[in-house]
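Order of the sequence lines sets the chain letters (A, B, ...), proteins ahead of strands, with each chain counted from 1.
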Amino acid sequence: MTDRFQHTRFEEPAVGGGLPPLDPWEGPAILLVDLDAFFASVEQLDHPAWRGKPVIVGGDPDKHGVVSTASYEARPFGVRSAMPSSTAKRLCPDAIWTHGHFDRYREMSDAIMGILRAETPHVQQVSIDEAFLDVTPTAVNREHPARVAERIQRRVEEQGVTCSIGVGTSKTIAKIASDMDKPRGLTLVYPGGERDFLAPLPVRTMSGIGAAAEEKLRSRGICTLGQLADADLRMLERVFGKLGRVMHVRANGGDDAPVEQDDEVKSVSNEMTFAHDLTKRQDVEAAIATMAAKVGRRLRRKGLRGRTLALRVKFDDLSVRSVQRQLIEPSDDELAYTPLLYRMIDEVWRPGTPVRLIGVGMSGFEEEGAVQESLFDVTEAAPSTGDVEPVVRDKCKRRGLIEATDLVKNRFGETAVRFGRELRNEENTTGSSSKNPADYK
DNA sequence: TCTGGGGTCCTAGGACCC
DNA sequence: TCTGGGGTCCTAGGACCC
């Protein structure tokens with residue numbers, strides 16, 4: 001441990017602060033706040049009997065499910081996020097399992113993000129359980145970033161969950177620092193200490209370098225961030241394109257990406273993996289209708305209309321095909337775009353081929369305030385003849401039906417109303433989504 | 001007992017227009 | 001008639017993140 005790289009932990013949510021004497025902080029200060037085993041921690045908060053026991057939030061072991069989050073009590077058994085649930089079940093047979101309660105996690109997350117925004121408006125939420133904060137000392141607020149971090153940890157713990165925080169001069173450093181000590185860790189990397197901090201770490205530690213990039217680097221003898229920092233820039237650019245320069249800069253501690261408050265949604269999608277592969281056209285269309293309805297409802301709830309409709313299919317060998325189409329006009333109405341999805345599926349699938357997953361997505365949202373109801377069906381060109389009346393009447397009726405359906409679903413839950421084409425076979429999903437109407441407030 | 005679901009971003013090729 | 005380049009949009013696929 002050097003004065004450049006301080007690594008500390010505060011034992012109790014101490015009123016007086018549990019921090020040792022601090023060196024002054026000169027330069028930018030970015031925090032990454034990461035909620036510890038978030039989903040599992042909320043479950044333990046809500047179920048006192050589960051505290052101190054291995055808890056796994058994830059899909060069913062016998063339905064292609066995977067682990068979403070494992071509590072810290074489950075991790076010594078080797079259980080990790082993204083692991084197939086079947087493997088997790090074998091490693092930790094006595095764990096308590098739950099499919100999760102996402103509205104509850106969202107509620108907790110919102111409360112905690114509120115705590116962060118009370119510290120500074122410069123908050124970038126990167127996921128339900130992570131956010132960057134820019135707390136660079138200013139002329140008016142000279143508070144040490146470690147003191148801000150400590151206060152955040154205390155306030156988060158008052159909500160009943162814990163967090164780990166990394167503090168550095170860039171998002172790259174803050175993110176990696178937050179991973180160094182979990183749970184309830186607080187890791188500082190002082191300005192100037194970036195390269196020494198990064199050098200011994202495996203390349204995979206850095207955000208943006210996944211399995212594929214790691215392998216390409218390894219085959220060129222680059223295994224640590226120190227080796228990446230010293231690697232030839234032109235070679236990196238040749239192999240990785242734009243990413244090559246980015247990873248080189250970051251490995252040298254030079255990341256200057258700002259904390260951005262950009263919460264604009266760019267796409268909305270739903271997908272579903274089946275316990276048993278689908279082969280019949282009727283079943284595939286039913287699944288498409290179900291996904292299309294979920295997407296449509298979320299679009300309407302968010303007040304979004306999209307122009308780009310996408311369909312994704314995964315087969316039993318895990319290969320993926322995708323198709324996308326531009327709509328004549330932006331839509332949030334699945335009754336209008338589902339027929340188009342039925343045509344799109346023909347481009348990537350032939351009945352009889354086993355289908356493991358189907359996904360429907362919408363993107364290309366129109367600008368805010370540009371919402372305009374057209375008289376014409378979105379999936380068809382405007383009629384060139386004078387035969388407009390039936391289309392108009394049809395569309396108005398449909399809108400009324402959609403809105404009535406949303407009302408019922410809002411009150412009684414997602415499964416309360418189904419259109420004829422939607423999938424009825426509840427047993428045939430991975431079971432990672434909740435069937436409890438209380439989950440859909 | 002293998003490998004979810006919700007996202008973002010990048011790339012490369014083709015169409016089209018000026 | 002032949003030629004070229006740049007910009008933009010669209011599409012499919014893939015890497016990556018939590």
Side-chain angles (χ1 to χ4, degrees), chain A residues 32-39 56-70 80-91 93 99-100 102 105-106 109 124-132 171-172 175 178-179 203-216 237 239-247 257 260 262-275 291 294-295 298 302 307-327 344 347-348 356-364 429-434:
Chain A
L32 188 279
V33 178
D34 186 329
L35 302 175
D36 300 318
F38 181 51
F39 294 175
I56 295 174
V57 180
D60 285 347
D62 55 352
K63 293 182 182 174
H64 303 301
V66 298
V67 174
S68 179
T69 314
R80 297 284 180 273
S81 290
M83 170 183 282
S85 296
S86 51
T87 309
K89 187 87 191 167
R90 186 161 35 81
L91 293 171
H99 293 159
F102 294 91
Y105 308 152
R106 173 63 58 194
S109 173
Q124 178 180 1
Q125 186 175 349
V126 288
S127 71
I128 195 167
D129 65 353
E130 261 185 48
F132 287 110
K171 293 206 272 191
T172 296
K175 168 70 180 159
S178 77
D179 273 328
V203 291
R204 189 65 191 271
T205 313
M206 203 165 75
S207 186
I209 299 182
E214 178 186 38
E215 177 51 31
K216 283 189 193 174
E237 284 182 321
V239 176
F240 296 100
K242 214 182 235 182
L243 178 62
R245 172 172 289 270
V246 170
M247 61 172 71
E260 293 178 282
D262 176 14
D263 51 3
E264 188 183 320
V265 177
K266 301 205 168 86
S267 69
V268 170
S269 65
N270 275 83
E271 56 186 48
M272 177 165 51
T273 295
F274 312 108
M291 298 295 97
K294 288 187 180 188
V295 169
R298 287 174 60 206
K302 291 169 183 278
R307 188 178 286 278
T308 306
L309 181 65
L311 179 65
R312 224 166 78 88
V313 185
K314 188 186 283 185
F315 300 100
D316 58 344
D317 64 353
L318 301 183
S319 65
V320 174
R321 296 290 310 270
S322 62
V323 203
Q324 72 181 58
R325 285 289 172 273
Q326 301 296 309
L327 305 181
M344 288 160 67
E347 298 179 31
V348 290
R356 169 71 62 90
L357 165 151
I358 283 177
V360 170
M362 189 73 87
S363 60
T429 69
T430 54
S432 57
S433 65
S434 173

Using atom C1' in both nucleotides, what's the gap between dT3(B) and dC16(C) to the nearest angstrom?
16 Å
Applying salt bridge (Lys or Arg N to Asp or Glu O under 4.0 Å) to Lys266(A) and not counting sequence neighbours gives Asp262(A)
When you compare dG4(B) with dA15(C), how far apart are their P atoms, in angstrom units rounded to a whole number?
16 Å
Nearest heavy atom decides the nucleotide; on that basis, is Met291(A) or Leu318(A) closer to the 5' end of DNA chain B?
Leu318(A)
Going by the rule side-chain hydrogen bond (donor to acceptor under 3.5 Å, both in side chains), which residues pair with Thr69(A) if we only count those two or more places apart in sequence or in a different chain?
none
Mapping Gly241(A) and Ser269(A) to their closest nucleotides on DNA chain B, which lands nearer the 5' end?
Ser269(A)
Mind checking Asp129(A) for me? I need base, sugar-phosphate or nothing, with any heavy atom below 4.0 Å counting as a touch.
sugar-phosphate
Taking it one step at a time, do Lys294(A) and Glu271(A) satisfy salt bridge (Lys or Arg N to Asp or Glu O under 4.0 Å)?
CA-CA 9 Å; Lys294(A) 288 187 180 188; Glu271(A) 56 186 48; over 6 Å; no
Hey, could you give me each pair passing salt bridge (charged side-chain N to carboxylate O under 4.0 Å, His left out) that has a residue in residues 203-215 of chain A? Not counting sequence neighbours.
Arg204(A)-Glu214(A), Glu215(A)-Arg218(A)
Watson-Crick and G-U pairing of DNA chain C written in dot-bracket, each distance under 3.5 angstrom, with | for inter-strand partners:
....||||||||||||||
Can you pull the contact range of chain A along DNA chain C, 5' to 3', using atoms under 4.0 angstrom from its heavy atoms?
dC10(C) to dC18(C)
Check residues 315-324 of chain A and write down every donor-acceptor pair under 3.5 Å in which the side-chain atom is one partner and the other belongs to a residue at least two apart or another chain.
| from | atom 1 | to | atom 2 | distance (Å) |
| --- | --- | --- | --- | --- |
| Asp317(A) | OD1 | Ser319(A) | N | 3.0 |
| Asp317(A) | OD1 | Ser319(A) | OG | 2.7 |

